[in-house]
Each structure stands twice: as structure tokens, then as C-alpha cells.
Amino acid sequence: MRIIVFFDLPTITDKDRREYRKFRKLLIKNGFVMMQESAYTRMVLNQTVQNSVLSMLKKNKPPAGMVQALVVTEKQFSGIVNISGKYVSNVVDSDERLVII
């Protein structure tokens, strides 16, 4: 399964930007990979890991802004259609359990 986290955090003040960087670093530290600028994904093996990751996100949510999490199966995730003006080859769109970047 995959957890996809979408977030829209304010970056108006210095404190807002600090909270944004802190949350983004938390995601990266916990194994999330950037899909788009404010969309990160992480593979989880079972529902126990899923629940622990979701509780970690709830515990470390920023004081302002919106954070959303979506859990999808690997089959659903592999069905993502990438539409862009220029082909980007570093997009991770595999349903394999081990992806070497």
C-alpha cells in the first residue's frame, strides 16, 4: 500500500516558512518521496505500519494549513497517468516493492 500526503501550508511569515521546512523534513526523514511540490508518497507493508505513520503525521501536524493523507493499493498507485509538457524520467511510477533510485 502507499500513503500519499498532500499539504498546503502558509509561507507568509518566517515562522510559517520554518514550520513548512520542519514538516517537509519530517516527511523525508520518515521515508516519504516527493511526487510533486506538495505531494509526498511512502510505501507501507501492512495496516499496522500505516496506522503508525498516520498517527505520526497527526502528532506532528503544523499549527496552520492543511495536510491530507490518502491510502491506496500498489495496483491503484501504478495506474497513475503522468501528464506533463516535458517527459521526466525520474518519476517513480513502479509497483515493485523495492525501487532503487
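Just so we're clear, the structure is a prediction, and the values are computed from it rather than from any experiment.
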Sequence-distant partners of D14, salt bridge (charged side-chain N to carboxylate O under 4.0 Å, His left out), two or more places apart:
R17
Worked verdict on R2 versus V44 for side chain to side chain contact (heavy atoms under 4.5 Å, CB included)
CA-CA 6 Å; R2 297 267 180 153; V44 292; over 6 Å; no
Report yes if the side chains of L57 and L27 come closer than 4.5 Å at any heavy-atom pair, otherwise no.
yes
The complete set of ring-ring contact (aromatic ring centres under 6.0 Å, His included) pairs with one or both residues in residues 42-76, sequence neighbours excluded, reads none
Side chain to side chain donor-acceptor pair (under 3.5 Å) pairs, two or more places apart, involving residues 21-41:
R24-Y40
side-chain contact (heavy atoms from CB on, under 4.5 Å), paired with V67, selected from V5, D8, N60:
V5
Search all heavy atoms of A64 against all heavy atoms of L9 and return the closest pair with its distance.
O-CD2, 3.4 Å
Can you tell if the side chain of M35 reaches within under 4.5 Å of the side chain of F77, non-hydrogen atoms only?
yes
Run the numbers on M1 and E74 for side chain to side chain contact (heavy atoms under 4.5 Å, CB included), then give the verdict.
CA-CA 5 Å; M1 293 188 297; E74 285 302 307; 5.5 Å; no
Heavy-atom side-chain proximity of Q50 to I3 below 4.5 angstrom:
yes
Residues which pass side-chain contact (heavy atoms from CB on, under 4.5 Å) with T48, listed by chain and number, not counting sequence neighbours:
N46
Which heavy atom in P10 sits nearest to a heavy atom in D16, and how many Å separate them?
O-CB, 3.2 Å
Side chain to side chain donor-acceptor pair (under 3.5 Å) with N51: which residues, sequence neighbours excluded?
none
Value for CZ (R18) from OG1 (T11), rounded to nearest 0.5 Å, stands at 13.5 Å
Residue pairs fulfilling salt bridge (Lys or Arg N to Asp or Glu O under 4.0 Å) with at least one residue in residues 42-68, sequence neighbours excluded:
none
For M66, does the CE atom have more than 12 heavy-atom neighbours from other residues, nucleotides or ligands under 6.0 Å away?
no
